[in-house]
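Both counts, for ligands and for their atoms, begin at 1 and track the order of listing. Values below: all heavy atoms of this structure, side chains included; hydrogens, waters and symmetry mates excluded.
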Amino acid sequence: MYDVIIIGAGPAGLTAAIYARRAEKKALVLEAKSYGGQIVNTPDIENYPVCPHISGFDFATNLYEQTKALGAEIVFEKAVDIINGEKEKEVVTEKGKYSCKAIIIATGSENRKLGVEGENELIGRGISYCATCDGAFYRKKTVAVVGGGNTALEDALYLADVAEKVYLIHRRDSFRGEEATLNKLKERDNVQFVLNSTVTALKAEKRLNAIEVTDKDGKVTEICVNGLFVAVGRIPETQNFGKTVELDESGYVVAGENCVTNADGVFVAGDNRVKSVRQLVTATADGAVAATEAVKYINQL
Ligand code: NAP
């Protein structure tokens, strides 16, 4: 019997485990893939206090080691269900069941697909969702990045160092991503902005070789590319928990800044929570808050 089970080993989940262990609670972290969550794909984090520059991978590895050193157990199994009993809770994984007193859902989010015909078939053959993972395959080649958030801007900047030419395609003419990153991109000679435009078709023989882009006036342009990096946002990974906690219409877990859900003893932390700012710093903050609330809950049982 664990005091707390944390579902997800991203920045929110691992921070929650640190706080749970420092409160001397027996903590288990369950992770479906690998530790670190989406931040491992960020080449250079520049907006986390005290670290002017750190790679997402190094950040995640430091956090993972810190969590393990504090005595949290980390098991790589996908949680598929929660059984929220009155006295005892259970997290069901693909391999078994673990019981606990409190649960923190910190499952983050997954890549949103572009939704263009042929996208799935071309993954690994020209379509990628991770510039740091796949960028090196496009050395001295031509790539496009689609999206207007921080991920798209950071991916385009990273690829500008690797590829011969980078097109940044965005459906509007203003960006959600940070101004500072946008300004750095504007200084790059090999980055071309394609604004008010969406990718409407993918052209391929064995691999992607061109994309069709349609602007807001309906004008269609074909752009020859070797790779297309899709960075059009994320969707919360909460599908398995909708019968336990309330989700909003987009699938985010409904909870305020205290990370307390509508289900007794079940808390949420990170990008899968309804919130206005989804950043590394708010994810780790959520982890601290959720664990503190979970500890309070356990102590009054
Ligand atoms: P995001 O901020 O949600 O941006 C998604 C972008 O994709 C938006 O510009 C959106 O356009 C566009 N888009 C959505 N669906 C589209 C479609 N079907 N076709 C074309 N374009 C589409 O997602 P994100 O950039 O992945 O970032 C997710 C969160 O992580 C954000 O809160 C971000 O700030 C954070 N993040 C932080 C860091 C960091 O702190 N260093 C790094 C990366 C990400 P519209 O703008 O028109 O809606």
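Heavy atoms of E46 found under 4.0 angstrom from ligand 1: none, in either backbone or side chain. By the criterion of a heavy-atom distance under 4.0 Å, the side chain of R172, and not its backbone, is placed next to ligand 1. Both the backbone and the side chain of V232 come within 4.0 Å of ligand 1, judged by heavy-atom distances.
Protein heavy atoms are absent from the space less than 4.0 angstrom from atom 28 (C) of ligand 1.
Below 3.5 Å of separation, one finds an N or O of R171 facing an N or O of ligand 1.
For K296 and E293, the salt-bridge test passes: some basic side-chain N is under 4.0 Å from an acidic carboxylate O. A salt bridge links K101 to D3: at least one charged side-chain nitrogen sits closer than 4.0 Å to a carboxylate oxygen. Between R234 and D271 there is no salt bridge, since no side-chain nitrogen of the basic residue lies less than 4.0 Å from a carboxylate oxygen of the acidic one.
What sits closest to atom 37 (C) of ligand 1 on the protein, heavy atoms only, is Q279 NE2, 3.4 Å. Counting protein heavy atoms only, atom 39 (C) of ligand 1 is closest to N47 ND2, 3.6 Å. Nearest protein heavy-atom contact of atom 32 (O) of ligand 1 is R278 O, 2.7 Å.
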Side-chain donor-acceptor contacts of residues 203-210 below 3.5 Å, not counting sequence neighbours, with atom names and distances?
from	atom 1	to	atom 2	distance (Å)
K203	NZ	E212	OE2	3.3
K203	NZ	E222	OE1	2.9
R207	NH2	Y138	OH	3.2

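The closest heavy-atom contact to atom 44 (C) of ligand 1, among the options V116, V281, T151, comes from T151.
Close approach of ligand 1 to R176 is summarised as follows: ligand atoms under 4.0 Å from at least one heavy atom of the residue are 2 (O), 4 (O), 8 (C), 9 (O), 45 (P), 46 (O), 48 (O).
Each of Y64, F59, F76 was compared with Y35 under the ring pair (Phe, Tyr, Trp, His ring centres under 6.0 Å) criterion, and only Y64 meets it.
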